[in-house]
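As structure tokens, the structure follows; a few thoughts come after it.
Keep in mind the model is a prediction, meaning the values are calculated, not measured.
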Amino acid sequence: MRAAEIARETRETKIRLLLSLDGGAREIDTGIGFFDHMLNSFAVHGGFGLTVQCEGDLIVDGHHTVEDVGIVLGQALAQALGDKSGIARFGSAYVPMDEALGFCALDCSGRPFLVFDAPMPQPMCGQYDTCLTVEFMRALAVNAGLTLHLRSLYGDNAHHITEALFKALARALKEAVRLTGTGGVLSAKGLL
């Protein structure tokens, strides 16, 4: 079973998250409607089971909630992948969303790095601050050990740009965590 459950509590957030790489239920409640929509899109397009319950200090703003969910999701992904034996390791995807086009390329390398090139034309999507997308992606990459490249090639609507990026991430990750049927780790070093 390629799954992990993580609980994390700080003075700013209380999170319980369950991730299954091989599908399952999807129940997401972070208190930020647009972010819930993005996480649900991520789970649907990746074919993942994802349960997220988060109580955050939304009276301050959404930053701690979004970043901390990225931390916990990254930790769960790393735990679910284990030693990464038999996975494809690399994935990439282009996703159009109306006028916007998003791209993601990633490597489950164990070497966290984020390249993020996605200017947002509007500052808010509902109660979601669009500058938090990069914070989520950075937290995810660092805690999952992903080399993660995300780019918006073009777009006029921050909702469409953000959704294209989350869906591209999902499709690229689905490809990267796919079991290839070969044993061992896909690395010349023999270890990731």
Side-chain angles (χ1 to χ4, degrees), residues 2-4 6 15-54 56 58 62-63 65-77 80 91-106 108 114 116-141 143-144 146 148-178:
R2 299 187 315 151
I6 305 281
I15 300 169
R16 187 179 81 56
L17 184 146
L18 173 64
L19 172 67
S20 171
L21 299 179
D22 301 313
R26 297 179 191 101
E27 296 178 34
I28 299 162
D29 183 8
T30 66
I32 305 172
F34 181 79
F35 187 43
D36 293 351
H37 176 45
M38 293 303 99
L39 292 172
N40 186 64
S41 290
F42 166 78
V44 167
H45 290 275
F48 308 132
L50 182 62
T51 300
V52 182
Q53 292 298 320
C54 177
L58 297 179
H63 189 287
T65 293
V66 173
E67 182 178 35
D68 288 6
V69 169
I71 289 169
V72 175
L73 181 58
Q75 291 171 343
L77 177 58
S92 63
Y94 284 95
V95 170
M97 181 77 185
D98 296 346
E99 87 299 342
L101 182 63
F103 173 72
C104 177
L106 61 82
C108 299
L114 175 67
F116 187 89
D117 180 12
M120 296 291 172
Q122 293 86 34
M124 301 294 291
C125 290
Q127 297 301 309
Y128 178 85
D129 188 334
T130 58
C131 73
L132 296 180
T133 303
V134 67
E135 301 299 331
F136 171 82
M137 297 300 180
R138 182 179 298 113
L140 175 69
N143 287 276
L146 298 178
L148 178 59
H149 292 245
L150 289 155
R151 184 172 186 210
S152 171
L153 284 79
Y154 42 79
D156 299 319
N157 182 298
H159 182 133
H160 297 159
I161 291 168
T162 305
E163 191 162 348
L165 293 174
F166 270 85
K167 288 177 177 176
L169 169 66
R171 293 185 60 83
L173 191 57
K174 180 180 184 177
E175 181 181 326
V177 303
R178 178 180 52 83

[atom2] on [Y] to [atom1] on [X], rounded to 0.5 Å:
X      : Y     : atom1 : atom2 : value
Lys174 : Phe42 : NZ    : CZ    : 12.0 Å
Thr65  : Leu58 : OG1   : CG    : 4.0 Å
Phe166 : His37 : CZ    : NE2   : 10.5 Å

Would you indicate whether the side-chain heavy atoms of [Y] and [X] approach each other to under 4.5 Å?
X      : Y      : value
Ser152 : Leu101 : no
Val69  : Val72  : no
Leu21  : Phe48  : yes
Asp129 : His63  : no
Cys104 : Val95  : no
Leu50  : Leu17  : yes
Met137 : Leu169 : yes

Exercise. Which word best sums up how the rings of Phe35 and Phe136 line up, parallel for under 30°, tilted for 30 to 60°, or perpendicular for over 60°?
Worked result: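 Geometry flag for Phe136 against Phe35: perpendicular rings.
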Kindly say whether [Y] contributes a backbone atom to a donor-acceptor pair with the side chain of [X] at under 3.5 angstrom?
X      : Y      : result
Arg2   : Leu77  : no
Asn143 : Gln75  : no
Glu99  : Asn157 : yes
Tyr128 : Thr133 : yes
Thr130 : Gln122 : yes
Asp29  : Gly31  : yes

For this session: Look at Glu135 together with Arg138 and state whether they make a salt bridge at an N to O cut-off of under 4.0 Å.
Result: yes
Exercise. Which atom pair, heavy atoms only, marks the closest approach of Ser92 to Glu175?
Worked result: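 Of all heavy-atom pairs spanning Ser92 and Glu175, the closest is O-OE1, 3.2 Å.
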Problem set entry | Nearest atoms (heavy-atom pairs only) where Leu165 meets Met120 | CD1-CE, 4.3 Å
For this session: Tell me whether the centres of the aromatic rings in His159 and Phe34 are closer together than 6.0 Å.
Result: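 Yes, the ring centres sit under 6.0 Å apart.
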Exercise. Of Thr30, Leu73, Leu18, which meets side-chain contact (heavy atoms from CB on, under 4.5 Å) against Val52?
Worked result: Thr30
